[in-house]
Colleague: 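Pasting a structure below so you can have a look.
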Amino acid sequence: MKYIRNTLDFHISEPSVLSLGKFDGLHLGHKFLIRELEKGQKEGYRSVIFTFDIPPRSLQENDCRVLSTNKEKEHIFDEAGMDYVIECPFTEELKKMEPHAFLKMLTDRIRIRRIVAGTDFRFGRGRSGSPADLKKYEDELGYRAVIVDKIQYRGEDISSTRIRKLVCEGQIEEANTLLGYPYFLTAHVRHGNEIGRTLGFPTVNLLPPEKKLLPPNGVYVSSIALDGEIYYGISNIGCKPSIDGVYPVGVETHIFDFDRQIYDREIKVSFLSYLRPERRFDSLEALQRQIRADYKKAEDLLTTVL
């Protein structure tokens with residue numbers, strides 16, 4: 001996959017099927033768009049994803065946390081088998097571009113044969129462009145528009161907004177259902193204070209990217225991807241309330257049956273199930289007893305699902 005970023009000077013000369021959007025989380029609804037791109041690949045076209053380097057809504061919202069960072073999206077699209085991903089800078093010029101001018105800019109730079117979008121897709125200045133505009137300019141700009149209906153779960157549309165709300169509320173299992181995979185975080189392992197090791201439960205410590213949306217503070221059953229292998233463990237999201245001092249919100253993960261040093265390595269931690277809220281314990285001994293109980297409960301849960 002070729003990932004194009006930090007430039008407006010992109011050109012793809014091969015006949016292509018293009019899909020546009022924010023693709024935050026790449027959930028089950030997005031997968032229907034991806035299927036249309038896969039159909040195009042089978043017909044000999046290149047699959048192209050066009051997205052912006054920041055969510056346009058972030059210009060109006062102070063707290064605009066995302067389900068997937070740009071780096072995580074790159075991994076997701078690569079796994080989905082896309083040929084090109086264009087992460088376009090959201091410049092003042094693009095913000096002011098009318099829908100027709102925006103589509104003309106794309107068709108001048110990409111040999112588009114098909115554009116795939118959802119029924120709620122909006123583009124151009126003030127989000128004034130709609131799927132009807134994609135259809136309107138088909139003949140003039142030389143592509144065919146494929147508009148994909150939203151899919152539903154329990155009577156409601158699957159959307160990134162709905163999933164963000166579920167993650168914020170701690171309903172991680174339902175969020176995972178709508179995503180089609182466990183909600184995850186990728187980050188580099190940092191040095192910690194090694195309290196977990198002294199308690200007999202060594203942890204790897206991650207500081208999440210600033211804009212990454214995290215579930216509520218608490219303890220979760222998790223899976224960990226490293227070097228192509230999958231491990232399991234328990235992850236605590238929080239600020240170490242039982243340890244003296246002030247700490248930023250981080251993710252500490254105890255990986256079952258694992259005792260390698262992996263500082264500065266990038267790992268992927270997926271949140272499978274919620275165990276309990278974060279608590280302050282009066283002593284390290286009490287904390288150790290609770291971790292043992294968490295460990296046992298996590299093992300029991302994993303036995304039922306693996």
Side-chain angles (χ1 to χ4, degrees), residues 3-27 29-34 36-37 40 45-62 64-68 70 73-74 77 82-151 157-164 211:
Y3 205 96
I4 302 169
R5 55 162 62 89
N6 300 325
T7 182
L8 291 172
D9 187 24
F10 53 85
H11 297 277
I12 299 174
S13 60
E14 302 144 293
S16 301
V17 180
L18 174 78
S19 189
L20 311 96
K22 298 185 290 293
F23 295 100
D24 191 18
L26 198 62
H27 52 67
H30 294 136
K31 297 291 175 61
F32 273 69
L33 302 180
I34 296 296
E36 290 295 328
L37 270 65
Y45 298 131
R46 293 296 186 180
S47 58
V48 182
I49 296 288
F50 183 95
T51 188
F52 288 114
D53 59 348
I54 61 170
R57 65 188 175 89
S58 67
L59 301 175
Q60 287 82 41
E61 300 177 23
N62 292 327
C64 183
R65 292 174 295 164
V66 295
L67 296 171
S68 48
N70 290 345
K73 282 183 187 178
E74 182 175 354
F77 284 126
M82 298 295 96
D83 295 311
Y84 292 91
V85 174
I86 300 170
E87 184 187 291
C88 186
F90 193 53
T91 63
E92 285 296 322
E93 177 188 1
L94 283 176
K95 277 193 291 184
K96 296 175 182 177
M97 200 172 280
E98 298 296 338
H100 178 271
F102 177 72
L103 291 173
K104 182 70 166 58
M105 180 272 292
L106 289 177
T107 54
D108 283 347
R109 301 180 190 194
I110 305 171
R111 195 176 170 193
I112 302 172
R113 291 294 175 262
R114 201 174 299 160
I115 294 181
V116 179
T119 54
D120 61 345
F121 177 65
R122 298 293 180 270
F123 65 101
R125 183 172 185 168
R127 291 169 48 83
S128 57
S130 69
D133 292 292
L134 292 179
K135 287 285 189 182
K136 178 179 178 181
Y137 300 118
E138 280 181 321
D139 293 338
E140 176 190 343
L141 298 178
Y143 63 80
R144 182 169 67 85
V146 178
I147 309 304
V148 179
D149 289 334
K150 302 279 283 185
I151 65 169
D157 289 346
I158 294 177
S159 68
S160 299
T161 299
R162 181 180 176 188
I163 296 169
R164 280 192 291 269
K211 292 298 184 180

Colleague: Would you give the length of the straight line joining atom CZ of Arg114 to atom CD of Glu36, rounded to the nearest 0.5 angstrom?
Modeller: 7.5 Å

Colleague: Quick one: pull up CG in Asp108 and NE2 in His11 and give me the separation to the nearest 0.5 Å.
Modeller: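 That separation rounds to 9.5 Å.
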
Colleague: Between OH of Tyr143 and CG of Leu134, what distance do you get to the nearest 0.5 Å?
Modeller: 5.0 Å

Colleague: For residues Pro131 and Gly118, report the shortest heavy-atom separation together with the two atoms involved.
Modeller: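 Closest approach of Pro131 to Gly118: CG-O, 3.5 Å.
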
Colleague: Is the shortest side-chain heavy-atom distance between Arg46 and Pro15 below 4.5 Å?
Modeller: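 A side-chain contact under 4.5 Å is absent here.
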
Colleague: With distance as the sole test, does Ser130 use its side chain to make a donor-acceptor pair with the main-chain N or O of Ala132 at under 3.5 Å?
Modeller: yes

Colleague: According to the interplanar angle, ranging from 0 to 90°, do the rings of Tyr137 and His100 count as parallel (below 30°), tilted (30 to 60°) or perpendicular (above 60°)?
Modeller: perpendicular

Colleague: State whether a side-chain donor-acceptor pair under 3.5 Å links Ser47 with Asp83.
Modeller: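 Yes.
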
Colleague: Kindly give the heavy-atom pair with the smallest separation between Lys135 and Ala145, and that separation in Å.
Modeller: NZ-O, 3.0 Å

Colleague: What is the minimum heavy-atom distance between Tyr3 and Asn70, and which atoms define it?
Modeller: OH-O, 3.6 Å

Colleague: Can you check whether His30 reaches Ser19 side chain to side chain, under 4.5 Å on heavy atoms?
Modeller: no

Colleague: State which residue, out of Phe50, Phe77, Phe121, fulfils the ring-ring contact (aromatic ring centres under 6.0 Å, His included) condition with Phe23.
Modeller: Phe77

Colleague: Does CD in Glu93 sit with more than 12 non-hydrogen atoms of other residues, nucleotides or ligands closer than 6.0 Å?
Modeller: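 Counting other residues, nucleotides and ligands, CD of Glu93 stays at 12 neighbours or fewer.
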
Colleague: So which heavy atom on Val17 is nearest to which on Val116, and how close?
Modeller: CG1-CG2, 3.8 Å

Colleague: If you draw a 6.0 Å radius around NZ in Lys96, do more than 12 non-hydrogen atoms from other residues or ligands fall strictly inside?
Modeller: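 Not buried by this count: 12 neighbours or fewer within 6.0 Å.
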
Colleague: Is it the case that the side chain of Ser160 and the backbone of Asp24 share a donor-acceptor pair, with hydrogens and angles ignored and the cut-off at 3.5 Å?
Modeller: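 Yes; judged by distance alone, with no hydrogens or angles, the pair exists.
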
Colleague: How far apart are the C-alpha atoms of Ile86 and Ile12, what are their side-chain angles, what is the distance that settles it, and do they pass the side chain to side chain contact (heavy atoms under 4.5 Å, CB included) test?
Modeller: CA-CA 10 Å; Ile86 300 170; Ile12 299 174; 4.1 Å; yes

Colleague: With side chains defined as the heavy atoms from C-beta onward, is the minimum distance between Leu106 and Ile115 less than 4.5 Å?
Modeller: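 They are not in side-chain contact.
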
Colleague: I need the minimum non-hydrogen distance between Arg109 and Phe10, along with the two atoms involved.
Modeller: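 Closest heavy-atom pair between Arg109 and Phe10: CB-O, 3.2 Å.
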
Colleague: Measure the CZ-CD distance between Arg111 and Glu14 for me, rounded to the nearest 0.5 Å.
Modeller: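 The CD atom of Glu14 is 9.0 Å from CZ of Arg111, to the nearest 0.5 Å.
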
Colleague: Can you find a heavy atom in the side chain of Leu94 that is under 4.5 Å from one in the side chain of Met105?
Modeller: yes

Colleague: For a side chain to side chain contact (heavy atoms under 4.5 Å, CB included) check, start with the C-alpha distance between Cys88 and Asp53, then their side-chain angles and the critical distance, and finish with the verdict.
Modeller: CA-CA 6 Å; Cys88 186; Asp53 59 348; over 6 Å; no

Colleague: Is it true that Asp120 and Lys150 have a side-chain N and a carboxylate O under 4.0 angstrom from each other?
Modeller: yes

Colleague: Using a cut-off of 6.0 Å, state whether more than 12 heavy atoms not belonging to Arg125 lie near its atom CZ.
Modeller: no

Colleague: Taking it one step at a time, do Ile49 and Leu37 satisfy side chain to side chain contact (heavy atoms under 4.5 Å, CB included)?
Modeller: CA-CA 9 Å; Ile49 296 288; Leu37 270 65; 3.8 Å; yes

Colleague: Taking atom OG of Ser68 and atom CD1 of Ile163, what is their separation to the nearest 0.5 Å?
Modeller: 10.0 Å

Colleague: How many angstroms lie between OG1 in Thr107 and CG in Leu141, if you round to the nearest 0.5 Å?
Modeller: 4.5 Å

Colleague: Give the minimum heavy-atom separation between Leu26 and Lys31, together with the two atoms involved.
Modeller: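 Scanning both residues completely, I find the closest heavy atoms to be O-CE, 3.6 Å.
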
Colleague: When you look at Leu33 and Val146, which way does the side chain to side chain contact (heavy atoms under 4.5 Å, CB included) test go after all the steps?
Modeller: CA-CA 9 Å; Leu33 302 180; Val146 178; over 6 Å; no

Colleague: May I ask you to test the Phe32-Asp149 pair for a side-chain heavy-atom distance under 4.5 Å?
Modeller: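 The answer is no, as the side chains (C-beta and beyond) never meet within the 4.5 Å cut-off.
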
Colleague: Run Lys73 and Glu87 through salt bridge (Lys or Arg N to Asp or Glu O under 4.0 Å) and show every step you take.
Modeller: CA-CA 10 Å; Lys73 282 183 187 178; Glu87 184 187 291; over 6 Å; no

